Peer 1: 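Take a look at this one; I'll ask things after.
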Amino acid sequence: GGVEAWHLFALFDCALEGGFPTVILDYVVQVSLDSQAVSSDPRESFLMNQSLVEAWCEEVALYLRREFHSLVETMDPRSQEFTHKGPWIEKVLSSLQ
């Protein structure tokens, strides 16, 4: 399941990078939390496990918090990059929690 999990995480990373955190939320609701969504295939079953998605979310949330704190410490709050990136990071963090 390691390679498959890496592929799923790469998909989630692309969704966040592209500004579509709802893709991850949809996956959680429609796959991980749906008791009707089951598979006899061990790989699929592993990828559907809620704890796998939670582990990825924890890693991303930690990374985003560090990036946000770095922005706050190193940038002028009036700069265009801060005003663009700061709210986006906050939105993703709130979506993951």
Side-chain angles (χ1 to χ4, degrees):
V3 172
E4 292 85 1
W6 185 87
H7 288 172
L8 180 63
F9 294 170
L11 174 67
F12 288 170
D13 290 341
C14 288
L16 283 181
E17 191 73 28
F20 297 102
T22 57
V23 169
I24 300 146
L25 298 174
D26 289 344
Y27 183 88
V28 169
V29 169
Q30 295 176 13
V31 177
S32 297
L33 298 180
D34 185 354
S35 62
Q36 301 294 323
V38 294
S39 176
S40 59
D41 182 288
R43 287 185 190 128
E44 286 180 5
S45 181
F46 174 72
L47 293 174
M48 297 166 79
N49 190 322
Q50 180 180 348
S51 63
L52 181 70
V53 178
E54 288 173 352
W56 176 84
C57 287
E58 289 172 7
E59 292 278 328
V60 171
L62 180 62
Y63 168 79
L64 291 175
R65 282 188 185 97
R66 288 179 182 155
E67 185 175 338
F68 183 77
H69 289 296
S70 174
L71 278 174
V72 170
E73 292 173 3
T74 61
M75 296 183 74
D76 179 355
R78 298 169 299 214
S79 75
Q80 188 173 4
E81 184 179 355
F82 184 84
T83 57
H84 172 72
K85 210 171 187 182
W88 180 84
I89 292 172
E90 286 184 41
K91 180 180 179 181
V92 173
L93 282 174
S94 67
S95 296
L96 291 175
Q97 294 177 347

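Bear in mind that the values here come from a model prediction, so they are computed numbers and not experimental data.
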Peer 1: State whether a side-chain donor-acceptor pair under 3.5 Å links S39 with D41.
Peer 2: no
Peer 1: How long is the span from the CG atom in L25 to the CD atom in Q30, to the nearest 0.5 Å?
Peer 2: 10.5 Å
Peer 1: Applying ring pair (Phe, Tyr, Trp, His ring centres under 6.0 Å), can you list everything that pairs with F12, at least two apart in sequence or on another chain?
Peer 2: Y27, W56
Peer 1: Could you pull out all residues at least two apart from D26 that satisfy side chain to side chain donor-acceptor pair (under 3.5 Å)?
Peer 2: none
Peer 1: Suppose we screen for side-chain contact (heavy atoms from CB on, under 4.5 Å). Which residues come up paired with A37, at least two apart in sequence or across chains?
Peer 2: D34, M48
Peer 1: Nearest 0.5 Å, what's the CG-CD1 distance between D13 and I24?
Peer 2: 8.0 Å
Peer 1: How about L52 and L8: do any of their side-chain heavy atoms sit closer than 4.5 Å?
Peer 2: yes
